[in-house]
Amino acid sequence: MKVINCTVESIEAQTSIVHKVTLLPEFPLEFLAGQYLQAVMGENDKRPFSIASAPSSPHKIELHIGADPANGYAFEVLTKCKDKGKLVIEAPSGKAFLRNSTLPAIIVAGGTGYSYAKSILLDCIENQPERDIKLYWGAKTIADLYEFEALVAMSLTHPNFTFIPVVEHPNDDWHGHIGWVHRAVLKDITDLSGKQVYTAGRFEMSATIRDEFCALGLSKAELFGDAYAFI
């Protein structure tokens with residue numbers, strides 16, 4: 001990892017809670033899609049955030065920060081970005097990065113776990129364009145899927161990419177998956193052998209995915225997520 005001083009270029013609200021933060025590092029950041037950085041808040045206070053941008057854009061780092069005031073862990077980082085206009089980071093970290101493979105890839109993201117998914121998706125489309133890739137993104141409401149329209153457009157442009165949104169509390173005119181995002185995968189795919197899965201979300205979700213997906217043929221060697229370093 002390297003210690004890098006960054007200037008905050010922009011902060012854009014995506015929802016009432018989620019903000020997209022764009023950082024300009026003092027030198028290009030070399031990383032792999034799916035890796036994360038640590039926001040340095042103090043000598044012994046370093047807070048991890050997935051890098052949402054693609055490795056092909058090393059001069060700009062995109063973060064998606066879910067900063068509910070009740071969650072001081074993330075809210076304080078966002079506040080520092082707003083007040084100081086600068087952020088010190090350590091990067092890159094993480095072993096759940098995109099692998100070069102011919103296996104169909106399934107990305108399962110809950111909430112702002114989408115930031116992890118976005119980097120993998122962009123890099124896969126750019127560097128493994130013939131590979132089949134499906135993104136299941138789950139959130140409480142449609143409004144929480146803050147890049148919904150961009151992903152739909154991307155799926156129309158790239159025929160090997162499929163976007164499957166999942167919501168817990170749908171509108172009356174919703175015709176997609178309802179409920180938990182990993183359950184949507186199991187409804188669509190009953191045999192997970194010969195697949196590769198990337199996941200980001202709550203630890204409980206990651207643990208359930210490991211148990212239930214591997215029971216349907218997924219190899220543990222083809223399951224990736226930062227949570228698995230801890231659970």
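Numbers here simply count residues along the sequence, with the first being 1.
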Just checking K60: does its NZ atom have more than 12 heavy atoms from other residues, nucleotides or ligands closer to it than 6.0 angstrom? no
I'd like to know if the side chain of W137 reaches the main chain of G111, judged simply by a donor and an acceptor atom lying under 3.5 Å from each other, with no hydrogens or angles considered. yes
Measuring from T162:OG1 to I107:CD1, what's the distance to the nearest 0.5 Å? 11.0 Å
Closest non-hydrogen atom pair, M205 against V181: SD-CG1, 3.6 Å
In this structure, CG of L78 is separated from CD1 of I65 (nearest 0.5 Å) by 5.5 Å
Working to the nearest 0.5 angstrom, can you tell me the gap between F213 CZ and S206 OG? 10.0 Å
Pi-cation contact, F97 with R99 (under 6.0 Å, within 45°): yes
Exceeds 12 heavy-atom contacts within 6.0 angstrom, atom CD of E12: yes
Working to the nearest 0.5 Å, report the span between CG of N100 and CG of N127. 8.5 Å
Cluster link L98 to Y114, ILVMFWY, side chain under 4.5 Å: yes
Are V3 and I61 connected in a single hydrophobic cluster, I mean Ile/Leu/Val/Met/Phe/Trp/Tyr linked by side-chain heavy atoms less than 4.5 Å apart? no
Which atom of I51 lies closest to which atom of S119, heavy atoms considered: O-CB, 3.2 Å
Does one hydrophobic cluster hold both M154 and Y198, with members joined at side-chain heavy-atom distances below 4.5 Å? yes
Measure from the ring center of W180 to the ring center of Y136 and say whether it is less than 6.0 Å. no
Minimum heavy-atom distance P25-I4, with the two atoms named: CB-CG2, 3.7 Å
Find out if a path of hydrophobic residues (ILVMFWY) with successive side-chain heavy-atom gaps under 4.5 Å connects F27 to L37. yes
For atom CD of E126, decide whether the heavy atoms of other residues, nucleotides or ligands shown that lie under 6.0 angstrom number more than 12. yes
Heavy-atom pair of closest approach, residues I17 and H19: O-ND1, 3.1 Å
